[in-house]
Structures are given as structure tokens and as C-alpha cells.
Protein chains: 2
Amino acid sequence: MSDHEHTSTHIDEVDRSILKILQSDGRTALSEIARRLDMGSATIHERVRSLEEQGYIREYRAILDPKLLGIDQVAFVQVETTAGRFSEVAERLAEHREVQEVHEITGDFDLLLKVRVEETDDLSEFLSKLGESDGVRKSSTNVSLRTVKEDGRLDLNGQ
Amino acid sequence: MSDHEHTSTHIDEVDRSILKILQSDGRTALSEIARRLDMGSATIHERVRSLEEQGYIREYRAILDPKLLGIDQVAFVQVETTAGRFSEVAERLAEHREVQEVHEITGDFDLLLKVRVEETDDLSEFLSKLGESDGVRKSSTNVSLRTVKEDGRLDLNGQ
DNA sequence: AATGAAAGCTTAACGCC
DNA sequence: GGCGTTAAGCTTTCATT
């Protein structure tokens, strides 16, 4: 197997363990990680710093409850763009506050947006804006009636 | 309107400020939050504890980079279930490791799944399992060719 | 609810291996 | 790359208001 990576060395099992721990609790103390992995905390400190620098760890966040905060109207909007302009339109739509996700997708439409707002009124307002947007030919919306699961964590156990 | 809430009182502007700070950096020190909001750090400590207890803060997490970790095949799968069984099927599908989201939606299908795997082979394997699942009548899959935006943060600035 | 102060931990930087 | 040490800073508790 050839080493065709950039500058980023490949991560080892210790790094993967650190990522798993921090993904499930981003506030775990370095000293606690060191204890669990039976290593010095200066070592863990250096590895975490390197994982952050290489970009494996993008950021740390508190995960808030959308329902309690009243921001729990979710809709998925498929968008058909004028020929060949989907990337440009995607970038533009990504700037909207209510748009949480933008994907270029296969199928009858070109883009899929995940939109999150407080009330259905806000959704209807967004769809008006969308309809008038440059490069948008048509759209089709599916509203989420109930979110059964919503979990951004990555499965680091590789099968 | 009857008071059918538990014990949770409504949150004030200070609480919202704390949530904003922790949503954008979950590792911000309590003492740093105290400095920014010009309050004692014992006060911030107590408020954060209460926000956690009430459920406004669900958890703290490191956000990892799916691309660097090679878990970057995303697909959206719409599922039609046998009449009236969508909730039950939704719960069951939510248990799969590769399923990040499950929504009950309006439209021609009943459920929308967001699926994330390492390779297209894993996706095809998942779709096989799905097709044989109890209560699943048919499904339609759109693969994400490029994720332009993917951000789970809530907009706490309320318009 | 909010606070200052004190005790116990944690982080981050250093030099050594 | 990994480690122990150490100073600075942080969290957590508690008595006071």
C-alpha cells in the first residue's frame, strides 16, 4: 500500500479512541482521556492538538434541544436549477440562515436543502424567497411531521 | 393554556447568550463566559448546570470531519411503508448504525432517512437490508454528490 | 439568583528521554 | 512520539447577601 497522503499522517488506534471519546463527550478532560487510555496527559494533550490542527476535530459544540427552543419545524426542499448552475445556486442558498444543509444530489432534482425554522409561516416565507431566486427553476417540499432520529455523530467503529 | 410543563421555567436573555456561546464553542470556559457577560463565574456555573438539567443543553460534542475519516458517502432514502405502520418502521430503521436521521414526512413517501456510510458498497448493502425489512413497501434513493453545507446549529437570533 | 473566596483539578508549556 | 513537572487558570462548593 503506497503512501499517497498529503502531509497529514494517518491516524492510529489511539487517535481513533481519542476521537470516539471526544465525539461522545466533547468536554472530557485530557487527564480523564489519559487515565482511560493509560497514557500521560501531556501525550494526550499533544495528540488532541494535532488532531485539531490536521482538521479531524473541526470544533467543539454544545448540542441544543430544538423542541425546547421552539425551532422545530423541519422541511426538506428539492430544487431544480437552470441547466448547469446547480453549484453556484447551492452556494447562494447555503447562505440563508434557515438552511441547515445543502446537498447536490442525483435524481429528478439537483439540490436537496434541509431547512429549519420556528413556524410554518417562516417556511412559507422561505419558499417564496426561494421561488424568486435566480437560477431556481422549480422546487418540491416535504415537511417533517416528526423527527424520529437526528444524530450527526460518525460511526468510528468501521463495521 | 394549562401549565403542563414539568418544573422548567422559561429562559431569559442571559441564558440565551450562554447557549449561543456554548453552541459556537462548547469548550468556552465558564470563567470566560462570565467575563463576557460581566457576571460572576459561580453564577454562570449555576445557570449552565440548570440549562443542562432542563434539557436545553443536551450534550457536548467534538464535531469530526467526515471526509478526512472516510465516512463521506451520504444518501437520502425515501421510504413508503405498509399502511399506518410508519412510526413503528421509523423506530426500527433508526436503530441502524448507518442511519443518521429519520423523519416522518409529508408527500408521496412516509419516511425520509439520511444515511451515511464509507463506500457505495455499504449503501447498496443497506438498501438490500431495507428492501427486505418488515413494513417497507418501496423506497427511492438520492445520493449526495457533494455536500455544500451541513450545519446542525440552531439560529438563536430569532429573526 | 448572584457573589467572592478557597480548595482541588486541569491545561498548556518546558525540557528530558 | 512520549513523559513528568510546574505555573497559571479553571471548576466547584459554600457561606453571605
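What's counted below: heavy atoms across the whole structure, side chains too, no hydrogens, waters or symmetry copies. Residue numbers begin at 1 in each chain, while the letters A, B, ... track the order of the sequences.
- The main-chain N or O of Val117(B) is never found under 3.5 Å from a side-chain atom of Asp122(B) such that the two would form a donor-acceptor pair.
- At the heavy-atom level, Ala42(B) lies under 4.0 Å from base atoms of the strands shown.
- For the pair Leu22(A) CG and dT11(C) C1', the interatomic distance rounds to 14 Å; values are reported in whole Å.
- Side-chain nitrogen and oxygen atoms of Ser31(A) include at least one within less than 4.0 Å of the OP1 or OP2 phosphate oxygen of dT11(C).
- Distance alone, capped at 3.5 Å, is enough to place a donor-acceptor pair between the Arg27(B) side chain and the Gly26(A) backbone.
- Residue Met39(A) has its side chain nearest to dG2(D) when only dG2(D), dC14(D), dA12(C) are considered.
- The backbone N or O of Gln73(A) lies less than 3.5 Å from no partner atom in the side chain of Glu118(A), so there is not a single donor-acceptor pair.
- Residue Asp12(B) places its CG atom among more than 12 non-hydrogen atoms of other residues, nucleotides or ligands, all under 6.0 Å distant.
- Residue Glu32(A) contributes atom CD, which lies 13 Å from atom P of dC9(C) at whole-angstrom precision.
- Atom CD1 of Ile44(A) and atom P of dG1(D) are 14 Å apart (whole Å).
- At dT11(C), none of the side-chain N or O atoms of His45(A) fall inside 4.0 Å of OP1 or OP2 (strictly under the cut-off).
- Atom CG of Leu30(B) and atom C1' of dC9(C) are 14 Å apart (whole Å).
- The phosphate of dG1(D) has neither OP1 nor OP2 within less than 4.0 Å of any side-chain N or O from Thr43(A).
- Residue Arg49(A) is out of contact with every strand shown, counting any heavy-atom pair closer than 4.0 Å.
- Residue Arg35(B) places at least one side-chain N or O closer than 4.0 Å to OP1 or OP2 of dC10(D).
- Distance CG (Leu37(A)) to C1' (dC3(D)): 15 Å, rounded to an integer number of Å.
- Residue-to-nucleotide proximity on DNA chain D shows that, of Ser41(A) and Glu46(A), the 5′-proximal contact is made by Glu46(A).
- Counting to the nearest Å, the C1' atom of dT11(C) and the CZ atom of Arg47(A) are 18 Å from each other.
- Using a 4.5 Å cut-off on side-chain heavy atoms (C-beta onward), Leu19(B) and Ile11(B) make contact.
- For the OP1/OP2 pair of dT11(D) and a distance below 4.0 Å, the side-chain nitrogens and oxygens of Arg27(A) include no atom meeting the criterion.
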